[in-house]
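Below: the structure, in structure tokens.
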Amino acid sequence: MALTREQMAQRVASELRDGYYVNLGIGIPTLVANYIPPGIEVMLHSENGLLGMGAFPTEEEIDPDMINAGKQTVTARVGASIFSSVESFAMIRGGHIDLTVLGAFEVDVHGNIASWMIPGKLVKGMGGAMDLVAGASNIIVTMTHEKGGQSKLLERCTLPLTGSGCIRRVLTDLAYLEIHDRAFVLRERAPGVTVEEIKAKTAGRLVVPSDVPEMRLSNDANHGSPAHA
Amino acid sequence: MALTREQMAQRVASELRDGYYVNLGIGIPTLVANYIPPGIEVMLHSENGLLGMGAFPTEEEIDPDMINAGKQTVTARVGASIFSSVESFAMIRGGHIDLTVLGAFEVDVHGNIASWMIPGKLVKGMGGAMDLVAGASNIIVTMTHEKGGQSKLLERCTLPLTGSGCIRRVLTDLAYLEIHDRAFVLRERAPGVTVEEIKAKTAGRLVVPSDVPEMRLSNDANHGSPAHA
Amino acid sequence: MAGFDKRVDSARQALDGLTDGMTIIVGGFGLCGIPENLIAEVHRRGVRDLTVVSNNCGVDGFGLGLLLEKRQISKMIASYVGENAEFERQLLSGEIEVELTPQGTLAERIRAGGAGIPAFYTATGVGTPVGENKEVRKFDDRDYILEKAITADFALIKGWKADWYGNIVYRHTAQNFNPAAATAARITVAEVEEIVEPGALEPSHIHTPGIYVDRLTQGQFEKRIEKRTTRSA
Amino acid sequence: MAGFDKRVDSARQALDGLTDGMTIIVGGFGLCGIPENLIAEVHRRGVRDLTVVSNNCGVDGFGLGLLLEKRQISKMIASYVGENAEFERQLLSGEIEVELTPQGTLAERIRAGGAGIPAFYTATGVGTPVGENKEVRKFDDRDYILEKAITADFALIKGWKADWYGNIVYRHTAQNFNPAAATAARITVAEVEEIVEPGALEPSHIHTPGIYVDRLTQGQFEKRIEKRTTRSA
């Protein structure tokens, strides 16, 4: 069975370590905050100048001057700091963020990622994504394995790139893969998903080790807000 | 009569305009703060991260955490802001300071200035002087016209430069001069000093307009502290 | 302190000298921390052919979206089009020239403009469309591209509190691009929620020193929220 | 919050891993805002062959002057020698390698190191000894030189108050080079006058966010004054 969005978030959350400063992109990455393993603490970074993003506000707490990079109203947790966009991207570009989780349209065996533009069709702009992929030492891409029957794990990205040679880890709804030596290395299968299915749905070169375990998804959601930390 | 240090400061002070942000170097420039003309207000910038330097502290007010770029204990006046060295030099380099007054060993007809090093003899370091001369839109050099019988206004500086082609105005103890078209243009004489004396003591090309008035030194010292503003 | 009293009487007076064809940097992120009243005044004036530098371009019908609708913007330098339908339409139709710039590069280019740095190298955008036609250079075996500073005729920023000297503090994440914008223009105009007496702000808490601010007005703010997200109490 | 609790028990523990030949950036301007206890600990350890990046090199017998006297510094990157006799002596005799760097360029190079900018252009130093052997390039008809980022193994900084997360505020002009230094090292060690509970510092007032700080200690400070200037009351 392909992973649900929540399960994908859950799997990514198991990569978190106590004391990580983490930037979570819009979409599935945002859900990761709901699955922070017990006993560890992370600080969420938001590009617009907030380190230590807290839960969504209550109706009473809502403040238009307190938003995250997705323009959602949020709160600041204890230990938060607030600063300018310049400082925020100094943190990102300077490699101070421990883990960045973001979505993508395509990823390829060279570690390239395309996530911001579909020519002639969708122009959202890159926002902070190009800075994040160029600056973070540690990036996990989360996306569905296919879209409309087309694999999103390619030999070469076809869409305009967000970053070049910067991606090493990809979690899809079918598998967890690492990129090494110009190939996707299959590390884990989603529960019930076969190696054959993953092979069939991966367009880029795929390396299948002799043992490819099923993912373990042990954490329960901590039923906090998406911005819980 | 050659100007005293105080008179030099007084003459420079007449160049101040209401609302100027001013950086005063060590030595004679520092004294300028004592002669701010009545009715105008300036804000003194100190490179170590203080805009709005106030008077020296009383014995009771002394605070080792409040110093100026000359490492003197100072105070912050009403309206002051305090920031990092990075921000401080962003102001300087970005051309936000209205007037910079600094000393020099030599100045030449090309607008070059040497003020930080005498090879094999004196190595104080350039501190913020190179940044100031490169960044300020408006610089006045204050220095004695000669040292040890040698003119300090040259055709070419002989000492290592602090800045290249950046000086347009020089006040010495004998004259106020502007640099135009590779020459010093004599604008004012110190009271009682003849054009002939200035000619004799200026090594670089000197242009003498038909009328060279004596300086007017009308302001009294306002007998405040050197850091008054 | 006449020379340092940055207060002007109205948004109208604050934008005196703004004419067709100028470049303006506008602070804010989304609709958070935008100079609402100054944008409205640009709209009222009807100046055209503007180059606008701002992370976003407002939303349909609010913020910089107003200027888009009135076709006052001929070129936009921004990182995000997002859900602004009119912006996307004008972009795709070619009615507006858009220089899409990564958000961090945009912030740094503006900061560089204010700090006297004409250009800098960054890894952001290497090997992407952003890097096309830009110099690529290796430092310590990694590729970087050369990015150039941005400066403007006017900067329009929004603060929380300011004293007469133009010293500004921002409230929460309404800070964003405002401090950088304040530094990079020939004339910086700030609108704030409250103007306080000199001395009321702690010198070490000031985010934007008054040296960067030329004109100061007090405004009324709608503070529209783009995405209202809440939890149950 | 074990993972975010940056507190360590002693200056000794704070400098764990500091070895011969490393590069350290040290905050402070003159003797103002210097990490007195961490410098004393570097002295105690006796590590040698250090490259020290700091605006000044202390004074004879205090601050970084201690390390000079013990010949622990093989290279100094600074803007000012000033009245430090031992520094000047070692410089003139060639015992120490000194890279004199304009103060603003020094600040910006450290900032660049922390911000992932490998190099930038500046007009400071063009046509002077500082510009020798550096690339000169024209932008808008003005000459600039290329300056490179500085990074280090350790940064030693001094704050006023910090919470357990390493969020720091500085007091008055003791801020100076400390915020930039904090960003540019593999391991940043901060010593402060007071460690406060998380939540005690206003998020918008924090000068150095805790993300830059790896280890935090509380110290006792002499705060020696270099030039005691006063007015009569």
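Each chain gets a letter, A, B and so on, in the order the sequences are listed, and its residues count up from 1.
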**Message:** Counting only heavy atoms not in D/K148 (residues, nucleotides, ligands), do more than 12 fall under 6.0 Å from its NZ?
**Reply:** no

**Item:** side chain to side chain contact (heavy atoms under 4.5 Å, CB included) evaluation trace for D/I206 with A/I82
**Value:** CA-CA 7 Å; D/I206 289 165; A/I82 295 174; over 6 Å; no

**Fill in**
Of all heavy-atom pairs linking D/G3 and A/D18, the shortest is N-OD2, 2.9 Å

**Request:** Would you check if the side chain of D/N167 reaches a backbone N or O of A/G79 as a donor-acceptor pair within less than 3.5 Å?
**Result:** yes

**Asked** Which distance, rounded to the nearest 0.5 Å, do you find between the CD1 of D/I211 and the NE2 of A/H45?
**Response** 6.0 Å

**Message:** Between A/R93 and D/A115 (side chain of the first, backbone of the second, donor and acceptor by atom type, cut-off under 3.5 Å), is there such a pair?
**Reply:** yes

**Message:** Within the supplied structure, the quantity of interest is the number of heavy atoms (other residues, nucleotides, ligands) at a distance under 6.0 Å from A/R182 CZ; does it exceed 12?
**Reply:** no

**Item:** Interatomic distance, A/S81 atom OG to D/I168 atom CD1 [nearest 0.5 angstrom]
**Value:** 11.0 Å

**Item:** Proximity of D/F4 and A/Y20 rings by center, below 6.0 Å
**Value:** no

**Fill in**
Between the OH atom in D/Y165 and the CE atom in A/M43, the distance rounded to the nearest 0.5 Å is 6.0 Å

**Asked** What is the distance from atom NE2 of D/H207 to atom CD of A/E87, rounded to the nearest 0.5 Å?
**Response** 11.5 Å

**Message:** For D/G114, is there any backbone N or O sitting under 3.5 Å from a side-chain donor or acceptor partner on A/H96?
**Reply:** yes

